[in-house]
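Predicted, not measured: the structure shown is a model, and the values here were computed from it. For the single chain, residues carry numbers from 1 onward in sequence order.
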Amino acid sequence: MSKPESAIPATADVVVVGGGIVGSATAYFLTRDPAMAGRVVVVERDPTYARASTPRSAGSIRQQFSTPENIRMSQFGMAFLRDLDRHLGVDGEPVDVGFRENGYLFLASADGVGVLEANHRVQRACDAAVELLDPAALARTFPWLATEGIAAGSFGTANEGWFDPHTLLMAFRRKARAQGAVYVEDEVVAVERTAGRVDAVGLASGGRIGCGTMVCAAGPNAGRVAALAGAELPVAHRKRFVYVFDCKERFPQMPLVICPNGVWVRPEGAGYVCGTSPPEDQDPDCEDLELDYAMFDDVVWPTIAERIPAFEAIKLTGAWAGHYDFNTVDHNGIIGRHPEVANLIFANGFSGHGLQQAPATGRAVSELILAGRFVTLDLSRFAYTRFAEGRLVQEINVV
């Protein structure tokens, strides 16, 4: 039986705003470190996570990025997933997130081969297990795939796949609480700030928590939370749909396939899931979870049916919507301190990569707080200050 949410403490050494996967990973890494002698409080407005981004994601992990730091963060996450019982087990209970190591398969037309090859060089330099396949090799390896119009594919042969995101979130949360983190069911609606410092957060219930450090891990709501502290953060809601369908033909070892136009599809249980990101001019900031089946009919289904002929005859059985915490500037995570508010740390804007990068992010934020610097992975390229300094980090492989 889960514990009830705790009473509101008057003060905390660290207040984490947002108890989703990134906030809970941060709380976990902080409370497991012997150097953390103080109190860690996580403020989460909905402990059921009914509308949260984490359980509504596609639950995937990959190394096929175009940015070395993103690759290394997901490699850290993969190593963490492989040892979940040791990391997140409580009272000897195992943690099974149902990981399926089927890989990712990025497909490219002739126009996209150069990008695929450039990304592959970056990935191999980071020791990612990725192979480039020509059309003949694609046809041999994946006989259910139609290769007409495809010039090359990039296949992750190890350390890529998908898992149950809700189970991982609950495991992080449970372990953090077992290690002493205090979870408060409430919403941060105000931030008290003096020059160069956050002094406290104000809650919707009327409570107040004085804090030594504030971590903004509020997912798609991070821009709103940052504004309470007088900071601009280029993070907004972007709605994404996941469609579920059945097909008589089964390809249980099929990887997550990304077509040249960005449509993706993979197995899920006895069926399949699929989706895509809309064009930028049709992708507004919105907070609703209403479904749009026109995208499936007009874009997703025609694409997957062309690429996998067996999918010409399918039955749509369901769908859900969720939100990316979308970095509107360069689509990469924002991890680091505010330059003028030293005790305000950001962990936001992962643009669909937050689940797989949560272990590395939680570790990195805990190191910033306890050691004053990044130790395990140097993530300084993702600093908040990069926007003002013109040091944008453009991620090409955004799915």
Side-chain angles (χ1 to χ4, degrees), residues 10-20 22-23 25-27 29-30 35-36 38-43 69 73 187-204 208-237 285 325-351 354 357 360-375 377-394:
T11 62
D13 294 86
V14 180
V15 174
V16 181
V17 183
V22 172
T26 299
F29 277 103
L30 281 169
M36 185 68 224
R39 177 185 290 152
V40 177
V41 173
V42 181
V43 181
E69 287 80 1
M73 289 178 76
E187 182 177 4
V188 171
V189 294
V191 176
E192 298 178 19
R193 175 185 159 185
T194 55
R197 180 173 182 79
V198 169
D199 297 317
V201 297
L203 306 178
R208 175 187 183 276
I209 306 175
C211 60
T213 297
M214 172 182 163
V215 178
C216 178
N221 296 308
R224 184 182 307 153
V225 172
L228 296 174
E232 291 187 19
L233 190 69
V235 174
H237 294 74
D285 184 16
D325 62 325
F326 198 76
N327 174 349
T328 60
V329 178
D330 65 8
H331 306 161
N332 271 302
I334 304 163
I335 305 170
R337 296 183 183 275
H338 189 284
E340 298 174 3
V341 188
N343 67 335
L344 173 59
I345 296 177
F346 297 108
N348 313 108
F350 298 97
S351 304
Q357 295 182 340
T361 301
R363 180 63 184 253
V365 172
S366 73
E367 290 171 350
L368 278 180
I369 293 171
L370 299 176
R373 61 186 179 86
F374 296 122
V375 178
L377 295 173
D378 182 3
L379 302 182
S380 55
R381 285 188 73 191
F382 296 145
Y384 174 89
T385 54
R386 73 180 187 267
F387 304 115
E389 296 169 355
R391 297 185 295 103
L392 303 186
V393 186
Q394 297 290 349

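- Applying the salt bridge (charged side-chain N to carboxylate O under 4.0 Å, His left out) test to every pair with at least one member in residues 333-348, sequence neighbours left out, gives no pairs at all.
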Sequence neighbours left out, cut at 3.5 Å: what donor-acceptor pairs do the side chains of residues 194-202 make with other protein atoms?
unit_1	atom_1	unit_2	atom_2	d
Thr194	OG1	Asp199	OD2	3.2
Asp199	OD2	Thr194	N	3.4

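- Residues Val15 and Cys211 approach most closely at CG2-CB, 3.4 Å, considering heavy atoms.
- A donor-acceptor pair is defined here as one N or O able to donate and one able to accept, closer than 3.5 Å; no such pair exists between the side chain of Asn327 and the backbone of Ser351.
- One finds the CG atom of Leu203 at 4.5 Å from the CD1 atom of Ile209 (value rounded to the nearest 0.5 Å).
- Glu187 CD to Arg224 CZ: the interatomic distance, rounded to the nearest 0.5 Å, is 7.5 Å.
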Using the side chain to side chain contact (heavy atoms under 4.5 Å, CB included) rule, take Met214 and Val341 through it: C-alpha gap first, then chi angles, then the decisive distance, then the call.
CA-CA 10 Å; Met214 172 182 163; Val341 188; over 6 Å; no
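- In this structure Ser380 satisfies the side-chain hydrogen bond (donor to acceptor under 3.5 Å, both in side chains) test together with Asp378, sequence neighbours excluded.
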Please walk me through it: do Phe29 and Val365 pass side chain to side chain contact (heavy atoms under 4.5 Å, CB included)?
CA-CA 9 Å; Phe29 277 103; Val365 172; over 6 Å; no
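- No side-chain heavy atom of Arg193 sits under 4.5 Å from any side-chain heavy atom of Leu228.
- Ring centroids of His331 and Phe350 are separated by 6.0 Å or more, keeping the two rings apart.
- Shown are Val235, Thr361, Val215; of these, the side-chain contact (heavy atoms from CB on, under 4.5 Å) with Asn348 is made only by Val235.
- Across every non-hydrogen atom of Ala12 and Val41, the tightest pair is CB-CG2, 3.5 Å.
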Output, in order, the C-alpha distance, side-chain angles, deciding distance and verdict of side chain to side chain contact (heavy atoms under 4.5 Å, CB included) for Phe374 and Leu368.
CA-CA 6 Å; Phe374 296 122; Leu368 278 180; 3.7 Å; yes
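- Closest approach of Gln394 and Val329 over heavy atoms only: NE2-O, 4.0 Å.
- In this structure, the side-chain hydrogen bond (donor to acceptor under 3.5 Å, both in side chains) partners of Glu367, at least two apart in sequence or on a different chain, are Arg363, Thr376.
- Here the closest heavy-atom approach between residue Val189 and residue Ala204 is recorded as CG2-N, 3.7 Å.
- Atom CG of Leu233 sits about 11.5 Å away from atom CG of Asn221, to the nearest 0.5 Å.
- Among residues two or more places apart in sequence or in another chain, the side-chain hydrogen bond (donor to acceptor under 3.5 Å, both in side chains) test is passed with Asp285 by none.
- Nearest heavy atom pair, residue Ala229 against residue Leu344, reads CB-CD2, 4.0 Å.
- For Tyr384, the ring-ring contact (aromatic ring centres under 6.0 Å, His included) partners at least two apart in sequence or on another chain are His338, Phe346.
- Using a 4.5 Å cut-off on side-chain heavy atoms (C-beta onward), Ile334 and Pro234 make contact.
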Take Gln357 and Leu379, measure what side chain to side chain contact (heavy atoms under 4.5 Å, CB included) needs, and give me the verdict at the end.
CA-CA 12 Å; Gln357 295 182 340; Leu379 302 182; over 6 Å; no
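- Scanning all heavy atoms of the two residues, the minimum distance from Arg386 to Arg381 falls at CD-O, 3.2 Å.
- Distance alone, capped at 3.5 Å, is enough to place a donor-acceptor pair between the Asp13 side chain and the Arg39 backbone.
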